[in-house]
Amino acid sequence: MIFPLQDLVRFEDNVYEITCAASRRAYQLSMVRDPEIENNDGKVVSLAARQLFSKQVEYRIEA
């Protein structure tokens with residue numbers, strides 16, 4: 001799967017925040033070697049972004 005650009009275009013909140021969240025989630029997925037990475041042809045960032053846009057994974061900003 002390619003990066004979900006249409007979801008990014010429709011995203012109405014802070015793009016920087018979702019980008020940081022996707023980066024962090026991609027790191028988490030790669031560190032635990034999530035088997036879903038194999039199903040996504042090894043594309044960790046696009047998998048992380050899809051999880052965030054589909055609300056499978058939620059994020060919050062900590063101060």
Side-chain angles (χ1 to χ4, degrees):
M1 169 181 211
I2 60 173
F3 192 85
L5 288 177
Q6 292 299 331
D7 292 330
L8 184 59
V9 169
R10 288 189 295 257
F11 190 70
E12 294 181 0
D13 290 328
N14 189 322
V15 175
Y16 178 75
E17 288 177 2
I18 194 85
T19 302
C20 289
S23 173
R24 176 68 178 194
R25 181 61 181 156
Y27 175 76
Q28 291 172 343
L29 289 168
S30 66
M31 292 308 292
V32 298
R33 297 179 190 188
D34 192 305
E36 198 170 339
I37 295 171
E38 290 287 322
N39 298 336
N40 199 44
D41 298 325
K43 297 180 175 145
V44 183
V45 176
S46 63
L47 173 61
R50 185 167 32 105
Q51 288 180 345
L52 288 166
F53 287 125
S54 67
K55 306 267 192 232
Q56 282 181 305
V57 175
E58 293 186 13
Y59 70 96
R60 63 187 161 140
I61 306 303
E62 294 182 353

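Quick caveat, the model's predicted, so the values are computed rather than measured. The analysis underlying the following values was restricted to heavy atoms, covering all of them including side chains, and did not include hydrogens, waters or symmetry mates.
- No donor-acceptor distance shorter than 3.5 angstrom exists from the side chain of D41 to the backbone of K43, with no hydrogens or angles considered.
- Put simply, M31 and L47 are part of two different groups of oily side chains (I, L, V, M, F, W, Y) that touch within less than 4.5 Å, one to the next.
- Both L5 and V45 belong to a common hydrophobic cluster when Ile, Leu, Val, Met, Phe, Trp and Tyr are linked at side-chain heavy-atom distances under 4.5 angstrom.
- Other residues, nucleotides and ligands contribute at most 12 non-hydrogen atoms within 6.0 Å of the CD atom of E58.
- Closest approach of A26 to A48, counting heavy atoms only: N-CB, 3.6 Å.
- A salt bridge links R60 with E62; the closest basic N to acidic carboxylate O contact falls under 4.0 Å.
- C20 SG to R25 CZ: the interatomic distance, rounded to the nearest 0.5 Å, is 16.0 Å.
- Summarising the geometry, atom CZ belonging to R10 is positioned 9.5 Å from atom CZ belonging to F53; distances are rounded to the nearest 0.5 Å.
- When side chains are defined from C-beta on, V15 counts as touching L8, because their heavy atoms get closer than 4.5 Å.
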Could you check Y59 against R24 for side-chain contact (heavy atoms from CB on, under 4.5 Å), going step by step and ending with a plain yes or no? CA-CA 10 Å; Y59 70 96; R24 176 68 178 194; over 6 Å; no
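- A distance of 7.0 Å separates CD of E36 from CG of N40, quoted to the nearest 0.5 Å.
- In this structure, the side chain of S54 engages the main chain of R50 through a donor-acceptor pair within 3.5 Å.
- No more than 12 heavy atoms of other residues, nucleotides or ligands sit less than 6.0 Å from atom OH of Y27.
- Nearest heavy-atom pair, F11 versus N14, reported as atom, atom and distance to 0.1 Å: CE2-O, 3.4 Å.
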